[in-house]
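Here the structure is laid out as structure tokens; the discussion comes afterwards.
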Amino acid sequence: MGTKKAFWLSYDLGIKGDYTGLYTFLDSVEAKECGDSIAFFKKDYGTDFIDSLTQEIQKCLKVAKTDRIYVVYIDTNTNLIKGKFLFGGRKRAPWEGYATKGQATEEDN
């Protein structure tokens, strides 16, 4: 094993989610609270850290079809910040459609 890697975990389990299991996992990795549904922790999972992290979470909580868990980390090979859904996927953002995005006017046509 190597150095601990930093992770930010965003979770959306809905109202019926297994929060007891999630909180058990977060407590076991000594995660820090970072706002609504965001936690930060450091842990060494080795080189295959995404699979290892996913498996560890699955051991602690029962993941439902509608649950979404997203992890953000720094890729040590490229030094870039990356993110990946461990469970679930992207959905329409609640703020979608609020900004004006270069609407064409009569003068533009």
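If you read the sequence from its start, that first residue is 1, and numbering goes on from there. Reckoned from all heavy atoms, side chains included, excluding hydrogens, waters and symmetry mates.
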Quick one: sort the Tyr19 and Tyr23 rings into parallel, tilted or perpendicular, breaks at 30° and 60°.
tilted
Qualifying residue for side-chain contact (heavy atoms from CB on, under 4.5 Å) with Leu26, from Leu9, Leu61, Ile57:
Leu9
Phe40 and Ala6 have their tightest heavy-atom pair at CE1-CB, 3.6 Å
Hey, could you give me the [atom1]/[atom2] distance between [X] and [Y], rounded to the nearest 0.5 Å?
X: Leu53; Y: Asp48; atom1: CG; atom2: CG; result: 11.0 Å
X: Arg68; Y: Ser37; atom1: CZ; atom2: OG; result: 10.0 Å
X: Lys42; Y: Lys32; atom1: NZ; atom2: NZ; result: 10.5 Å
X: Phe41; Y: Trp8; atom1: CZ; atom2: CH2; result: 10.5 Å
X: Leu80; Y: Ile74; atom1: CG; atom2: CD1; result: 10.0 Å

So do Leu13 and Ile69 actually touch side chain to side chain, heavy atoms under 4.5 Å?
yes
Single-linkage hydrophobic cluster Ile38~Leu86, side-chain heavy atoms < 4.5 angstrom
no
Indicate if Tyr70 and Tyr11 have the same hydrophobic cluster label, given that clusters are the connected sets of ILVMFWY residues with side-chain heavy-atom separations under 4.5 angstrom.
no
Audit row: Tyr45, Asp51, side-chain contact (heavy atoms from CB on, under 4.5 Å) steps and yes/no
CA-CA 9 Å; Tyr45 285 107; Asp51 286 340; over 6 Å; no
Cation-pi check, Lys5 to Tyr73: give yes when NZ or CZ is under 6.0 Å from the six-membered ring centre and within 45° of the ring axis, no otherwise.
no
Determine whether more than 12 heavy atoms belonging to other residues, nucleotides or ligands lie under 6.0 Å from atom CG of Asp36.
no
